[in-house]
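Just so it is clear, the values below take in all heavy atoms, side chains as well, and ignore hydrogens, waters and symmetry mates. If you read the sequence from its start, that first residue is 1, and numbering goes on from there.
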Amino acid sequence: MSVNTELSARAADRARGCPFAAAPGHEDTDLNGPVARVRTPAGIDAWMVNRYEDVKDVLSDTTRFSSAAGSINHMLPRMWPPQPMEPGDFNRMDGAEHLRFRRAFGIEIGAAKRMDALRPSVQRIVDEALDAIAGAEQPVDFHELFSKPVTTAVIADLMDVPYADRQLFHDSAAAALDISMDPEIATAAFDKLKAYVRKLLVDRRENPGDDALSHIIARSEAGDRPFTDDELESIGFALISAGFDVTAGMLTFIMLTLFEFPAEMARLVADPSLAPTAVDEFVRFLPGDVGILRQAVADTEMGGVQIKAGDYVIAGIGAAGHDESVFPDPETLDLARTPNSHLSFGRGPHACVGQQLARLELRVALETVLRRVPSLRCAVPVAEVPLRQDNIVPGPAHLPVLFDAVLPVREETP
């Protein structure tokens, strides 16, 4: 099925060029070319790499490309890449120091056994969210009343924190991802969540439970080099604030895309076993990010361009997902596409540590929504759905939907 629609065109533009401009002196640069010299919203000049193999190379080869500048700091002026690293800022670490953090919390949001244990609670959360919207006045905003509550509740469940504290998570995530947010407001939101995490640390040491933070504290204290409180605070902060907004945005974007491609939606309804490949195809097809920042640590060559040590490099994961040399007919949404080795969750040592949790949430939500709300439809023409303009995570700002009924859980049980 062709994707020559307004939605897909806007998505592709976002992935392949916008919001970058050609760097001074490179005004004739083809931003969609293999390697382009660009100026980012944070004001740094960088090399934008777009071909699949080059993007994979940048993300995987830590001998040539460092994560010290931060993965998204090219997008947020208040997170200027050269700024000093704070204690526990593991996203900016390389090598063994980064691995020390990743091992501590990766098992909580990535291990297969942990995902199997989490699935029943994710299913319960999704069902409760559908029950909640069943009686709501229509049209219902799918993003605000389903995607955000589901992903927030999953994180709250994982950390065993009250769902009622969700505004703290929302404010922090907005501060982390909003391009236009005032730095003072962003700092205030971060400080509130950090103070909250500090209280959690005290509580979990005195009253350890079966939650991610308790597990991480216990694992740390049993190790050769326990984390400091500042480091644990950073881990807790990242777990609470990082996961839900990105996943919520993707979930809403997936639903909008299904409305745009009703034949693919009918295909998935007829064959729910496609859900696993469908999730990865949506993640490939839709731009989840505008690129991941790296910094060259050695002189190198890429796509015929000489890159010097110290230069910033942006791995264009969205463009890589549409590289026809890797993905046949890349502008076609094929929910059964295999293989599908997209780079949307990154690659190498810094590949998204929460990708299995994200896949679990998206899969359960997708399967359940299509099964329990078969009449779900967009309340306005797809082209009129507003997309986010001030957030580095693309997707609908709101998604008004209509439905005839939400089927009860018992009717879906064989």
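Under a 4.0 Å N-O distance rule, the pair Arg284/Asp323 does not qualify as a salt bridge. Between Asp61 and Arg294, no side-chain nitrogen of the basic residue sits less than 4.0 Å from a carboxylate oxygen of the acidic one, so the salt-bridge criterion is not met. Asp157 has a carboxylate O that lies under 4.0 Å from a charged side-chain N of Arg124, or vice versa, which qualifies the two as a salt bridge. Under 4.0 Å is where a charged nitrogen must lie from a carboxylate oxygen, and between Asp203 and Arg198 no such pair does. Arg37 has no carboxylate O lying under 4.0 Å from a charged side-chain N of Asp45, or vice versa, which leaves the two without a salt bridge. A salt bridge links Arg388 with Asp245; the closest basic N to acidic carboxylate O contact falls under 4.0 Å. Between Asp299 and Lys308 there is no salt bridge, since none of the side-chain N atoms of the basic residue sits less than 4.0 Å from a carboxylate O of the acidic one. Look at Glu97 and Arg225 and you find a salt bridge, because one of the NZ, NE, NH1 or NH2 atoms lies within 4.0 Å of a carboxylate O, short of that distance. A salt bridge does not link Glu221 with Arg204: every distance from a Lys NZ or Arg NE/NH1/NH2 to an Asp or Glu carboxylate oxygen is 4.0 Å or more. A salt bridge is absent between Glu53 and Arg347; no separation between the charged side-chain nitrogens and carboxylate oxygens falls under 4.0 Å.
Using modelled atom types, no side-chain atom of Glu128 and backbone atom of Ile125 make a donor-acceptor pair closer than 3.5 Å. Distance alone, capped at 3.5 Å, places no donor-acceptor pair between the Thr332 side chain and the Asp334 backbone. The backbone N or O of Pro208 lies less than 3.5 Å from no partner atom in the side chain of Ser214, so there is not a single donor-acceptor pair. The main-chain N or O of Gly33 is found under 3.5 Å from a side-chain atom of Asn50 such that the two form a donor-acceptor pair. Under the 3.5 Å distance criterion, the side-chain polar atoms of Thr300 are left unmatched by any main-chain donor or acceptor of Ala296. The backbone N or O of Phe403 lies less than 3.5 Å from a partner atom in the side chain of Gln138, making a donor-acceptor pair. Looking at Ser220, its side chain never comes within 3.5 Å of a backbone N or O of Ile216 through a donor-acceptor pair.
Classified by interplanar angle (parallel below 30°, tilted 30° to 60°, perpendicular above 60°), the ring pair His350/His98 is parallel. Ring planes of Phe285 and Phe261: perpendicular class, angle over 60° (limits at 30 and 60°). Below 30°, between 30° and 60°, or above 60°: for Phe227 and Phe101 the angle between ring planes is between 30° and 60°, a tilted geometry.
Between the side chains of His322 and Glu331, a donor-acceptor pair is found at a separation under 3.5 Å. Side-chain atoms of Thr152 and Arg166 include no donor-acceptor pair closer than 3.5 Å. Side chains of Ser71 and Asn91: a donor-acceptor N/O pair is absent below 3.5 angstrom, by distance only. In summary, the side chains of Thr368 and Gln123 do present a donor paired with an acceptor at a separation below 3.5 Å, with no hydrogens or angles considered. No side-chain donor from either of Thr338 and Asn340 sits under 3.5 Å from a side-chain acceptor of the other. Of the N and O atoms on the side chains of Arg359 and Gln355, at least one donor lies less than 3.5 Å from an acceptor on the other residue. A side-chain donor-acceptor contact under 3.5 Å links His143 and Thr252. Looking at Asp271 and Ser273, their side chains do bring a donor and an acceptor atom within 3.5 Å of each other.
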Glu108/His215 under side chain to side chain donor-acceptor pair (under 3.5 Å): CA gap, chis, key distance, verdict: CA-CA 8 Å; Glu108 300 297 328; His215 296 166; 3.1 Å; yes

Yes or no on side chain to side chain donor-acceptor pair (under 3.5 Å) for Asp311 and Trp47, after CA distance, side-chain angles and deciding distance? CA-CA 8 Å; Asp311 284 357; Trp47 296 106; 3.1 Å; yes

Do Asp141 and Phe146 pass the side chain to side chain contact (heavy atoms under 4.5 Å, CB included) test, and can you show the C-alpha distance, the side-chain angles, and the key distance before you say yes or no? CA-CA 8 Å; Asp141 185 341; Phe146 181 78; over 6 Å; no

CA sep, side-chain torsions, deciding dist, call: Phe345, Ile317, side chain to side chain contact (heavy atoms under 4.5 Å, CB included): CA-CA 8 Å; Phe345 287 120; Ile317 55 175; over 6 Å; no

Taking it one step at a time, do Thr62 and Asp94 satisfy side chain to side chain donor-acceptor pair (under 3.5 Å)? CA-CA 8 Å; Thr62 57; Asp94 293 310; over 6 Å; no

As a quick check of understanding, evaluate side chain to side chain contact (heavy atoms under 4.5 Å, CB included) for Phe282 and Leu362, giving each step before the final call. CA-CA 10 Å; Phe282 283 122; Leu362 295 173; over 6 Å; no

Using the rule given for side chain to side chain contact (heavy atoms under 4.5 Å, CB included), can you reason through Gln356 versus Ile109, listing the C-alpha separation, both sets of side-chain angles and the distance that settles it, and then say yes or no? CA-CA 7 Å; Gln356 297 306 332; Ile109 54 176; over 6 Å; no

Apply side chain to side chain donor-acceptor pair (under 3.5 Å) to Glu361 and Thr151, showing your working. CA-CA 7 Å; Glu361 293 179 70; Thr151 51; 5.1 Å; no

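Within the model, atoms CG of Leu193 and CD of Glu233 stand 8.5 Å from one another, a figure rounded to the nearest 0.5 Å. Taking CD of Glu367 as the reference point, atom CG of Leu268 lies at 8.5 Å (rounded to 0.5 Å). For the atom pair CG (Leu335) and CD (Glu281), the distance works out to 6.5 Å, reported to the nearest 0.5 Å. The structure places CD1 of Ile133 at 7.0 Å from CG of Leu376, a figure rounded to the nearest 0.5 Å. Rounding to the nearest 0.5 Å places CG of Leu274 at 13.5 Å from CZ of Arg337. Taken from OG in Ser147 to CE in Met250, the straight-line distance is 11.5 Å, to the nearest 0.5 Å.
More than 12 non-hydrogen atoms from other residues, nucleotides or ligands lie less than 6.0 angstrom from CD of Glu301. In the displayed structure, Arg103 atom CZ is contacted under 6.0 Å by at most 12 heavy atoms of other residues, nucleotides or ligands. When the shell of 6.0 Å around CD of Glu184 is examined, it contains 12 or fewer heavy atoms from other residues, nucleotides or ligands. In Ile107, the CD1 atom is not crowded: 12 or fewer heavy atoms of neighbouring residues, nucleotides or ligands sit closer than 6.0 Å.
Annotation for Ala275 and Arg363: closest pair CB-CG, 4.0 Å, computed over non-hydrogen atoms. Across every non-hydrogen atom of Leu293 and Tyr312, the tightest pair is CD1-CB, 4.0 Å. Residues Phe327 and Pro330 share a closest heavy-atom pair of O-CD, 3.1 Å. The shortest non-hydrogen separation linking Ser67 to Met93 is CB-O, 4.0 Å. Of all non-hydrogen atoms in Arg92 and Gln83, the two that sit nearest each other are NH2-O, 2.8 Å. Considering every non-hydrogen atom in both Asp280 and His342, the closest pair reads OD1-NE2, 2.6 Å.
For Phe237 and Tyr196, the gap between ring centers reaches or exceeds 6.0 Å.
Side-chain atoms of Val38 and Ile314, non-hydrogen and from C-beta on, do get closer than 4.5 Å to each other. Contact check for Ile307 versus Val313: side-chain heavy atoms found under the 4.5 Å cut-off. Using a 4.5 Å heavy-atom cutoff, the side chains of Leu357 and Val154 are in contact.
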